[in-house]
Amino acid sequence: MPPTPFLLQMLGNFFSPHLHAFLIVISDTLRIETSIRAVSSPIRIYRIWFFLAVESAAKMRRNETLICAPLMADTVDQLVELMHKAKLEGADIVEIRLDHLKSFDPHFDVERLIKECPLPTLFTYRPTWEGGRYDGDEKNRFGALRTAMELGADHIDIELKAADEFNKFMNGNRPGKCKVIVSSHNYDFTPSAEDLGNLVARIQAAGADIVKFATTALDITDVARVFQITVHSQVPVIAMVMGERGLMSRILCPKFGGYLTFGTLEPGKVSAPGQPTIKDLVSLYNFRSIGPDTKVFGIIGKPVGHSKSPLLYNGAFKSENFNGVFVHLLVDDISKFFETYSSTDFTGFSCTIPHKEVALTCCDEVDPVAKSIGAVNCIIRRPNGKLFGCNTDYIGAIDAIENGLQGSHNIVNGSPLAGKLFVVIGAGGAGKALAYGAKEKGARVVIANRTYDRAREVAELVGGQALSLAELGSFHPESGMILANTTSIGMQPKVDETPVTKEALRYYELVFDAVYAPKITRLLREAEEMGAKIVNGVDMFVGQAYEQYERFTGLPAPKELFKEIMKNY
Ligand code: NAP
């Protein structure tokens, strides 16, 4: 008998790079053809099978957590179509939401759905009182679920509130191979750890083969309690925290041993708030590669959903075979976040609007440059659990601006910024970093900010001049100046906004915008029309990520890959 796929998977997980290389050598030596048509003997089939299995094991999953596609449709025909789509997208199982069908025959249609489904099935017939659409008689609902069990469904879902009645209805029978998921949904909040523990005990007592509970995240720290339950559970658990603040629960569940996560076929076509797409789970977050020892990284911000950091870092982690995952972290209170996620598994963080300044105060140790700037955008958790903060924003932005100026300046030594009048709009984390960087390069710095007092503070820090935002339009002591927007003005979704009039842009040689979504903001478009050179926030983004990546992983940043990823964006 050939080794089991599981054994190969384990071998692949632990020895994949070496084993893979070894097998390539072996297969070359034995001249193993990978074309199935070339197969001529059982021993060859065995070798090819073994080779292909180990090759794919080397690339594939490090967890058994399933991706379940929730399927909602008006008709059975549409559902069948969606099942095939789910398989193509990479789902492992489909949840058939009977309550969304306009009408169906509980025997004929359920049988068809099971027969035609290319993946294992989970039947859910959610009543309105638990967030679903069914508002009919309970006996009919139970009857449809029983039929699904009898006809070969792999799982059915029954709500905790209805579980006793359902068990009576079933009279102790469990037809077929079907596993029963007993579920509970809290659309208001996430209970305390103790209450969650009690909830799980009640779900188990109700006869669950698999426990499911979904709660609502009012704060990202709510997810920690859910991870705690999942990781300690003796029975399979599906535990989700709904909403954007709960996104991490859906991506990291394989790390904590969750039974499944839900992934949608299309963005927004969700059965519960906050579900990512299957495509994002598989391609963006490398879901299959997440295991118990996977290090967690993330971008802390509010808002944060627009951030392309996960795209960049996860792309690099995948190509370098680095055991890490990088997630969006919608954080309201950064101190509370660090207090809650204090394990060394939560290894590194990028930090964006509006947390960069408070983040500095959360660090046990801060790089001297970041201290001078007064903001950190990169935080590393040391193996002893202490937080180290540094600032890579200024390097990324100043490099990008210098590159933008090169060509027009024949400067052998020194920076093309030396002696220039450098106007920074904004006095937050990015504003301070740019003001500091420009000053370091010998520029004369001016800060314009909505809150004038903050502009004055930064101006004092770098020995520059402060302006209110209103004064900026008429500020043109000379031409050939540099302008750098470091506010979120013009960022999606408010793409029609701009921090300064088009007319005022005629005095600038180069205009830079830290906003990178969209890549070309209104400010940059108008600056170009007024004859200025432009540098976009993507160049800064890539530049600041090099150092972060190296600090996160201890590996050299794959610079070409970073550029390639952002070029496609
Ligand atoms: P922050 O610390 O919160 O600072 C925000 C700054 O923007 C403050 O000066 C604030 O003025 C100003 N501001 C915000 N909304 C404004 C409005 N409607 N009108 C006028 N001024 C406004 O944020 P940050 O971390 O510095 O980030 C700022 C921007 O830079 C964000 O868009 C971020 O995405 C971008 N960024 C890009 C990169 C990159 O790699 N491309 C890196 C870092 C940051 P007040 O002082 O008056 O509140």
Side-chain angles (χ1 to χ4, degrees), residues 299-309 311-313 328 331-332 334 349-361 370 373-379 389-401 404 423-437 447-459 461 466-473 484-500 512-524 534-549 562-563 566 569:
I299 169 88
I300 294 173
K302 184 186 173 186
V304 76
H306 67 278
S307 173
K308 300 294 169 206
S309 294
L311 191 68
L312 204 62
Y313 294 106
H328 290 99
V331 171
D332 298 277
I334 191 164
F349 309 91
S350 305
C351 188
T352 188
I353 191 168
H355 296 306
K356 286 180 187 173
E357 291 159 85
V358 182
L360 186 143
T361 64
I373 293 170
V376 299
N377 71 320
C378 173
I379 300 160
C390 59
N391 194 307
T392 67
D393 270 346
Y394 80 101
I395 302 170
I398 296 294
D399 276 0
I401 294 170
V423 180
V424 179
I425 313 176
K432 284 178 174 171
L434 263 105
Y436 174 89
I447 318 288
N449 193 43
R450 176 176 62 182
T451 309
Y452 176 75
D453 284 350
R454 291 188 82 195
R456 213 186 46 226
E457 278 169 30
V458 181
L461 198 77
L467 294 179
S468 70
L469 207 48
E471 288 172 293
L472 186 61
N485 174 44
T486 70
T487 72
S488 47
I489 302 173
M491 186 168 98
Q492 278 167 1
K494 297 181 178 171
V495 293
D496 290 334
E497 293 184 355
T498 186
V500 64
F512 162 79
D513 202 335
V515 171
Y516 67 83
K519 190 169 178 176
I520 301 298
T521 56
R522 179 177 160 192
L523 173 68
L524 292 185
I534 59 167
V535 174
N536 63 57
V538 175
D539 295 331
M540 170 182 179
F541 179 66
V542 171
Q544 59 84 34
Y546 293 155
E547 193 184 331
Q548 290 208 43
Y549 184 84
F562 275 14
K563 285 184 198 153
M566 291 314 287
Y569 146 65

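All ligand and atom numbering here is 1-based and tracks the order in the structure.
Annotation: atom 2 (O) of ligand 1 to nearest protein heavy atom, G429 N, 2.9 Å. Looking only at heavy atoms of the protein, atom 19 (N) of ligand 1 is closest to I489 CD1, 3.4 Å. Nearest to atom 45 (P) of ligand 1 among the protein's heavy atoms is T451 OG1, 3.5 Å. Looking at atom 26 (O) of ligand 1, its nearest protein heavy atom turns out to be A430 N, 2.7 Å. At the top of the distance list for atom 4 (O) of ligand 1, counting protein heavy atoms only, stands G428 CA, 3.4 Å. Protein heavy atom closest to atom 23 (O) of ligand 1, with residue, atom name and distance, is I353 CG1, 3.4 Å. Summary of contacts: the protein heavy atom closest to atom 43 (C) of ligand 1 is K356 NZ, 2.9 Å. In this structure, atom 46 (O) of ligand 1 lies nearest to the protein heavy atom R454 NH1, 2.7 Å.
Checked against a 3.5 angstrom limit, the closest N/O atoms of T352 and ligand 1 fall outside it. For a threshold of 3.5 Å applied to N or O pairs, the pair formed by G431 and ligand 1 contains no separation below that value. The shortest N or O to N or O distance between V515 and ligand 1 is not below 3.5 Å. Residue A514 places at least one N or O, backbone or side chain, under 3.5 Å from an N or O of ligand 1. For the pair P354 and ligand 1, the shortest N or O to N or O distance does not fall below 3.5 Å. Where the criterion is an N or O separation shorter than 3.5 Å, residue side chain and backbone included, A427 meets it with respect to ligand 1. Looking at ligand 1, you'll find an N or O of R450 within less than 3.5 Å of one of its N or O atoms. Looking at N449 next to ligand 1, an N or O pair under 3.5 Å apart turns up.
Using a 4.0 Å heavy-atom cutoff, K432 is absent from the residues neighbouring ligand 1. Within the 4.0 Å heavy-atom shell around ligand 1 one does not find G396.
Remark: side-chain polar atoms of Y549 are not paired, donor with acceptor, to backbone N or O of F562 under 3.5 angstrom. Remark: side-chain polar atoms of N536 are not paired, donor with acceptor, to backbone N or O of I520 under 3.5 angstrom.
Residue contacts with ligand 1 for M491 involve side-chain atoms from C-beta outward but no N, CA, C or O (heavy atoms, distance under 4.0 Å). Here E497 has no heavy atoms under 4.0 Å from ligand 1, in either its backbone or its side chain. Contacts between Y516 and ligand 1, counted as non-hydrogen atom pairs separated by less than 4.0 Å, involve the side chain only. The proximity of Q544 to ligand 1, defined as any non-hydrogen pair under 4.0 Å, is limited to the side chain. Of the heavy atoms in N377, none comes closer than 4.0 Å to ligand 1.
Those atoms of ligand 1 that come under 4.0 Å of a heavy atom in G537, given as number and element, are 39 (C), 41 (N). The distance from ligand 1 to the heavy atoms of G426 drops below 4.0 Å at these ligand atoms: 9 (O). Close approach of ligand 1 to E357 (heavy-atom distance below 4.0 Å) involves ligand atoms 2 (O). Those atoms of ligand 1 with a heavy atom of L469 less than 4.0 angstrom away are 20 (C).
Side chains of S350 and Q548 form a contact here, defined as non-hydrogen atoms less than 4.5 Å apart. Looking only at side-chain heavy atoms (C-beta outward), I353 and S488 come within less than 4.5 Å of each other. Looking at R450 and T487, their side chains never come closer than 4.5 Å, going by heavy atoms from C-beta outward.
Of all heavy-atom pairs spanning D393 and A430, the tightest one is OD2-CA, 4.3 Å. When all heavy atoms are compared, the tightest approach of E357 to G429 is OE2-N, 3.5 Å. What you find for G301 and T352 is that their closest heavy atoms are CA-CG2, 3.8 Å.
In this pair, Y436 and Y394 present their aromatic rings perpendicular. The plane angle is above 60°, beyond the 30 to 60° band.
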For F541 and L312, run side-chain contact (heavy atoms from CB on, under 4.5 Å): C-alpha distance rounded to whole Å, both residues' side-chain angles, the deciding distance at 0.1 Å, then the answer.
CA-CA 10 Å; F541 179 66; L312 204 62; 3.7 Å; yes

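Here the shortest heavy-atom distance to atom 31 (C) of ligand 1, taken over A375, S488, G301, belongs to S488.
Take T498 and apply the side-chain hydrogen bond (donor to acceptor under 3.5 Å, both in side chains) test, not counting sequence neighbours, and it matches no residue.
Under a cut-off of 6.0 angstrom, the local environment of CG in D496 is sparse, with at most 12 non-hydrogen atoms contributed by other residues, nucleotides or ligands.
We find the CE-CG distance between M540 and L434 to be 5.5 Å, quoted to the nearest 0.5 Å. In this structure, R522 CZ and K494 NZ are separated by 14.5 Å, a value rounded to the nearest 0.5 Å. Interatomic distance, H355 NE2 to I299 CD1, rounded to the nearest 0.5 Å: 10.0 Å.
No side-chain donor from either of T451 and D453 sits under 3.5 Å from a side-chain acceptor of the other.
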